[in-house]
Amino acid sequence: MNVQFRKDIFAGLNEVQKEAVLCTEGPVLVLAGAGSGKTRVLTHRIAHIVQRKLARPRQVLAVTFTNKAAGELKERVAAITAGGDEVAAGTFHSTMLRVLRREAKALVYPQDFSVFDNDDSVRLVKQILDDANEAGKFRPKLVHAVISRLKNDFVAPEQYAKHAKSPLDRAVAHVYPEYNRRLKILAAMDFDDLIVQATRLFREHPSVLATWSSRWRYLHVDELQDTNFAQFELLRLLAGSQRPNLFAVGDDDQSIYGWRGARVENVFQFQEAFPETKVFRLEQNYRSTQAILDLANAVIEQSDRRERKRLWTARGGGQLPEVIGLATDQDEAREVADRIGRAVMSGRRAFSDFAIMYRTNAQSRLFEEALRSRRFPYQLLGGVGFYSRKETRDALAYFKLCLNPRDDISLRRIISEPPRGIGATTLERLKSFADEHELSLFEAMERACELRALNARAANACAKFVDQVNAWRTALANEPLEKWAASVLEESGYIARLRDEKSFESQGRLDNLDSLIDSLAEHAAAGRSLTEYLEQAALATDQDKYDPHADSVRLMTIHAAKGLEFPAVFITGLEGRTFPLQRPDESEVRDPDEERRLFYVAVTRAHDELALTYSGRRRVWGQLQERSASTFLRELPEDAAEWRSARSAFTSSPGTDEPAAAGSASERIRRLQRRRAAEDLPMLGQAGAEEDAERSASQEIRDVPPDDVPAVRNGDLVLHHTYGQGIVLDVSPFRDTVRVLVEFDGGVQKRLVQSVARLQPVKDFE
DNA sequence: TCGGTGCTTATTTTT
DNA sequence: TAAGCACCGA
């Protein structure tokens, strides 16, 4: 082979990485520390396989943790070698979904089965509990979680029933088989089925297994430490009994999904399951400064771990991480936002350099408010995201019902949304008829006229609805997707109802539906079907929504931050009970080691700057609680971080003493600054800033009468509390928003959207 | 059948 | 605090 291309593939890899890439035959385990370039190894190895023609791109499978990671992997392979984008890559779930669609016949499932997301599944469990008169005794979510664990551990309902003792156990023992039975009737699979049914498929149909395992000649698995029992079993099956070409990457220190059945043990059992495994260790970190790594090492060394690793970096020194104590959770949010503001205003950082991380989603709110009130752009990953908003889910339920009318969960969701004369009583009667004949609700509705129990009015309403759905089903094949979707929402009366409401909230919902239609249009333009759209909506992870190109602060749980990295990271809420998280009704932290690994994961996301914050008081469920610094902080070596207490959120205004750069805008700002200093005027808007956290954006919008907006005009010079000065570029007459151009010494320009309520024009200038 | 009111309850973390 | 749910009255 010629030396030239080898140089391409191996350029920039260290010795261990190179060896791992070259080791293409047989099982390989790479123990990869955080930031040690495992994605690089993965992409280069696949590129190497493709380029050496050991296999065609589609014969290479890579199982990643998110679909986004899969997409990036393909891109990166494609950047090195032709055909890289044809590599089969996806999550366990999306990969197996493709298999199951193709092989549905073998499992006696309809090929167009629905995929139930968590919400759907929990609703189904709730149905069953309600039917069994167990409503209210057990939380459906909990029961579903137990069932999910059982499925992934391959515990069959009959097996479980034998050992059921506690009331919860017995409830689960009742719900579990019924839940499976109904999924089948509804022609649906839940998330766990995608793995478990695939395993069943491969076990019971050796010829099917043979097809797929010979198709994928090279297997890759990322994040091995977060795979569960069923997934490992799936790997074993696909790998076959011969010496498989199976390449796994993992880090036991980063195992953070134990609560959903992930088994770190899979990392250690890999070598037993696959004899002759070659092991490589990646310990050089390319991401963080030494100061950050020192802290990370200090954190993880406190845990009992099986594989001793110690990360090191060639990036010596670095800024010492800071520990910042605040009085309250609101101060914490303000401090974080202010620090971001100062760094951005000084031109030292962009918004997108920052990530704010927290233990639980509920903590995001204060940060959102603080950022929003300053008009800083931000992206929230996770939480109540787009696909879990009510209106989005309702709309998707209409679409799902059209694809699979047997989907009772979707039907129930929208049957009274808007109300159409089919209420609880009618539904109850339909349901008993459906149960009797093993039908879905929709099928029962189709036969509503046979149903004596229904009065004419209800039967009519049913017939009308059935006709409507059938008409939509026909239309789906003949119309462009986005047009079809819009007319479904229109004809169903869903949109009309929102329009009639005319509230602030309903307007937002209509906007969301618009963007849903937009995204459908985009999707359709790429030649994809509605089925595929719904699948990606169901299987989308929080990270899949993350747009790395937008210049905005990222807010996320630490779990959602897995695999990501940022120049500057805030880890917040480092207090007792919050992180490590302890449930209010329990006296101990459930899994202290996993909490610690979570902390470790968070720390190792940072390139250059790291700040750890905590506050003395925090509002939980509306109640103010006293908090102390987290045990994690107390365990840190003295010199691992710089400790400071920032009780006051507003310290000083940014110093900009450099001479003004050329350009009229900065000239004007500079002169203005000098004048203000001379007159000893207070910084404008400072009082307003104090109120920021108390005000939500919606309140602000109502607070400002539209007539007041022209108080600021284009070209005005403005000040906005401590951050800086700028010139108004653009005033929106409808909202209280203003776009402001801020210029700095180096000619750095930042666009901000700020609140008119807080902006005051500087008059009589020049 | 449906909408409104007032009470309860919840917070880990997510494919 | 906020959302979700059960109950009740029209």
Side-chain angles (χ1 to χ4, degrees), chain A residues 63-69 90-97 115-119 121-122 126 130 135-136 139-142 144-145 148 151-152 189-196 223 226-228 230-231 255-262 329 357-366 381-385 387-388 390 415-428 455 457-458 461 497 501 535-536 538-544 556-562 573 577-586 589-591 594-595 597-598 601-602 618-624 696:
Chain A
V63 183
T64 54
F65 199 70
T66 66
N67 288 304
K68 177 157 226 116
T91 60
F92 269 105
H93 290 86
S94 59
T95 307
M96 288 309 125
L97 177 58
V115 177
F116 272 14
D117 64 17
N118 228 354
D119 189 76
S121 307
V122 172
K126 185 170 185 304
D130 285 350
R139 285 190 277 129
K141 212 176 150 188
L142 175 69
H144 176 255
S148 169
K151 279 195 177 185
N152 280 303
M189 291 206 194
D190 67 9
F191 281 157
D192 305 314
D193 282 336
L194 298 181
I195 309 299
V196 174
E223 311 282 10
D226 284 327
T227 53
N228 64 28
Q231 290 166 339
S255 152
I256 54 174
Y257 282 94
W259 52 272
R260 79 170 196 217
D329 50 357
M357 299 180 191
Y358 33 79
R359 178 65 240 269
T360 63
N361 276 309
Q363 288 162 254
S364 70
R365 224 194 72 228
L366 291 176
L381 310 200
V384 182
Y387 288 119
S388 42
K390 181 178 178 339
I415 195 71
S416 290
E417 208 69 61
R420 41 170 73 80
I422 302 171
T425 322
T426 307
L427 220 48
E428 206 39 58
N455 59 39
R457 202 168 168 184
R497 197 161 112 114
E501 226 180 279
E535 277 166 10
Q536 67 98 47
L539 295 176
T541 68
D542 292 325
Q543 281 189 19
D544 292 332
M556 67 195 91
T557 64
I558 300 167
H559 282 92
K562 181 191 176 76
R577 309 209 129 229
T578 310
F579 191 21
L581 182 73
Q582 191 180 329
R583 295 174 52 128
D585 52 329
E586 288 177 10
V589 176
R590 259 196 207 173
D591 190 343
E594 185 154 309
E595 295 286 324
R597 291 192 296 265
L598 203 50
V601 168
R618 176 170 299 277
R619 196 169 281 278
V620 184
W621 293 345
Q623 296 239 303
L624 211 55
S696 74

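So you know, we letter chains A, B, ... as the sequences are listed, proteins then strands, and number each from 1. Basis for what follows: all heavy atoms, side chains included, without hydrogens, waters or symmetry-related copies.
Along DNA chain B, the nucleotide closest to A/Thr425 and the one closest to A/Glu594 are compared, and the more 5′ of them pairs with A/Thr425. Both A/Ala458 and A/Leu581 sit near DNA chain B, but only A/Ala458 has its closest nucleotide nearer the 5' end.
Judged by distance alone with a 3.5 Å cut-off, no donor-acceptor contact links the side chain of A/Asp192 to the base of B/dT15.
Note on A/Arg260: every side-chain N or O is 4.0 Å or more away from OP1 and OP2 of B/dT14. The shortest distance between the side-chain N/O atoms of A/Thr557 and the OP1/OP2 oxygens of B/dT12 is not below 4.0 Å.
Checked against side-chain contact (heavy atoms from CB on, under 4.5 Å), A/Gln582 has the following partners two or more places apart in sequence or in another chain: A/Arg577, A/Val589. For A/Arg583, the salt bridge (charged side-chain N to carboxylate O under 4.0 Å, His left out) partners are A/Asp585, A/Glu586, not counting sequence neighbours. With sequence neighbours left out, the ring pair (Phe, Tyr, Trp, His ring centres under 6.0 Å) criterion links A/Tyr358 to no other residue. Remark: A/Tyr257 engages A/Phe65, A/Trp259, A/His559 in a ring pair (Phe, Tyr, Trp, His ring centres under 6.0 Å) (not counting sequence neighbours). Legend: residues meeting salt bridge (charged side-chain N to carboxylate O under 4.0 Å, His left out) with A/Asp329, ordered by chain and number and at least two apart, are absent.
The aromatic ring of A/Trp259 does not sit over the base of B/dT12; the criterion of centres under 5.5 Å apart with planes under 30° is not met.
Rounded to an integer number of Å, the gap from CE of A/Met96 to P of B/dT15 is 18 Å.
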Kindly give the atom pairs (protein nitrogen or oxygen, nucleotide nitrogen or oxygen) under 3.5 Å for nucleotides 3-6 of chain B.
none

